[in-house]
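Bear in mind that the values here come from a model prediction, so they are computed numbers and not experimental data. Letters A, B, ... are given to chains in the order of the sequence lines, protein chains preceding strands, and every chain is numbered from 1.
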Protein chains: 2
Amino acid sequence: MTDIIEAYLKKVLKQKEQVEIRRSEIAELFDCVPSQINYVINTRFTIQKGYLVESKRGGGGYIRIIKVQVLDELDMLNTMVEIVGNSITERDAKSVVQRLYDDKIITKREAKLMIVAMDKSLYTGNRVTDNRVRANLLRSMLVNLCYEEPNKRKAD
Amino acid sequence: MTDIIEAYLKKVLKQKEQVEIRRSEIAELFDCVPSQINYVINTRFTIQKGYLVESKRGGGGYIRIIKVQVLDELDMLNTMVEIVGNSITERDAKSVVQRLYDDKIITKREAKLMIVAMDKSLYTGNRVTDNRVRANLLRSMLVNLCYEEPNKRKAD
DNA sequence: ATTCTTGACTATCTTTGACTAATAGTAATT
DNA sequence: AATTACTATTAGTCAAAGATAGTCAAGAAT
């Protein structure tokens, strides 16, 4: 169900760069409880994945999902560094890398190298420590990409 | 039983590049406990044998087995994985990466990504812990370089 | 000795619904 | 006209229950 709603919203977002819904309408359309919509938004339309969400309650309330626009490669990388901050979960870190790949800032091989490095099982086992170390790693790699020549490889 | 399940999955993989199952369904189909499926996967569909496994838990969960192409550099990379072992210093780690680059197994960008990730300053500050985490990271990255996924043909 | 089978326990993701919070509309009061 | 109080209409939060898959170690089979 989550996947279906996600796909629906993404489909709309492919054509318009933002989508505005009424929570109860979408819930009815897919025959689920309204809070399911919040779940989809909280797990699939995060800032790490490049989305902003605004909403208003009460009469005429709405939920608006906006696809974040970035200027260029450098802007994207800087934005990502901010999002990473000094602590990040495995899931969010992987979302960030995936987004770089989707936007063709890194190659598939680079993305895979970075993604495996985000895996929880590689670290100390202390959640707080691990999230900090992961953020350090990811930030360093992102900053490093800022100084590199862009890829001039064939598309993959 | 293990052999039967292995044969079943391989038969499917002969026609498709990947197979996606629901663990409980297959367990029921062959009348075994669900964890048997994990055993089959862990012993028969390893990365060394050319298979990549992805999974998701919870509602709508799945296990996906993907056939991958093992690259020529496999031996070289396996040797390096052994050299890394379960603990490695920053200096030795960087040498390993440098060697990969000299041997043209990785690009310059990839090398730099890996090198920055080996830096002592990113870790916990505890030498023993750091060397272990660094080894974990480097090993995972090396293993990751051993194979290549087939081109996906999936509309999204 | 090694490989396989089993199941108890754990981890993660999704679904649901009761309760809470915010906003707009409306009617009564000043 | 402005304010207040109440009601209706949304959306948000959170925790429990449900649905999967993963791990691990003991025991069985080879």
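A distance of 10.0 Å separates OH of B/Y147 from CG of B/L71, quoted to the nearest 0.5 Å.
As rounded to whole Å, 10 Å separates atom P of C/dC13 from atom OH of B/Y62. Spacing between atom CZ of B/F30 and atom C1' of C/dC4 amounts to 16 Å, rounded to whole angstrom units. For the pair A/N38 CG and D/dT10 P, the interatomic distance rounds to 15 Å; values are reported in whole Å. For A/I4 and C/dT14, the CD1 to P distance is 12 Å, given to the nearest whole Å. We find that CG of A/N42 is positioned 14 Å from P of C/dC13, with the value rounded to whole Å. D/dA21 atom C1' lies 13 Å from atom CD of B/E20, rounded to whole Å. Taking atom CD of residue B/E54 and atom C1' of nucleotide D/dT20, one finds them 17 Å apart after rounding to whole Å. Rounded to an integer number of Å, the gap from B/I37 CD1 to C/dC4 C1' is 13 Å.
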Next item on the list: Under the salt bridge (Lys or Arg N to Asp or Glu O under 4.0 Å) rule, what do B/E149 and A/K112 come out as? Steps first, then yes or no, please.
Entry: CA-CA 11 Å; B/E149 286 177 62; A/K112 289 177 69 178; 3.4 Å; yes
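The backbone N or O of A/N38 sits nowhere less than 3.5 Å from a side-chain atom of A/S35 that would complete a donor-acceptor pair.
Residue-level contact check: B/S24 touches the backbone only, with heavy atoms under 4.0 Å from sugar-phosphate atoms and none from bases. Counting any heavy atom pair closer than 4.0 Å across all strands shown, A/G58 reaches a base atom.
The two residues A/S140 and B/L122 come nearest to each other via the heavy atoms OG-CD2, 3.2 Å.
Side-chain nitrogen and oxygen atoms of A/R44 include at least one within less than 4.0 Å of the OP1 or OP2 phosphate oxygen of C/dT14. OP1 or OP2 of C/dT5 sits under 4.0 Å from a side-chain N or O of B/T2. Under 4.0 angstrom from either OP1 or OP2 of C/dT5 there lies no side-chain N or O belonging to B/Y39.
Nearest nucleotide to the A/S35 side chain, out of D/dT13, C/dA24, C/dC13: D/dT13. Comparing atom distances between the A/I63 side chain and each of C/dA11, D/dG12, C/dT16 picks out D/dG12 as nearest. Listed nucleotides: C/dT6, D/dG12, D/dG22. Nearest to the side chain of A/R57: D/dG12. Considering only the side chain of B/S55, D/dG22 comes nearest among D/dG22, D/dG12, C/dT16. Distance from the side chain of A/M1 is smallest for C/dT15 among the nucleotides C/dT15, C/dG17, C/dT6. With distances taken from any side-chain atom of A/K56 to the nucleotides C/dT23, C/dT5, D/dA21, the minimum falls on C/dT23. With distances taken from any side-chain atom of A/R22 to the nucleotides D/dA11, D/dA21, C/dT5, the minimum falls on D/dA11. Among the nucleotides D/dA21, C/dG17, D/dA11, the one closest to any side-chain atom of A/R23 is D/dA11.
The closest side-chain donor-acceptor pair between B/Q98 and B/D102 falls under 3.5 angstrom.
Of the two residues contacting DNA chain C, namely A/D3 and A/G60, the nearest-nucleotide position lying further toward the 5' end is that of A/D3.
A salt bridge links B/K94 to B/D119: at least one charged side-chain nitrogen sits closer than 4.0 Å to a carboxylate oxygen.
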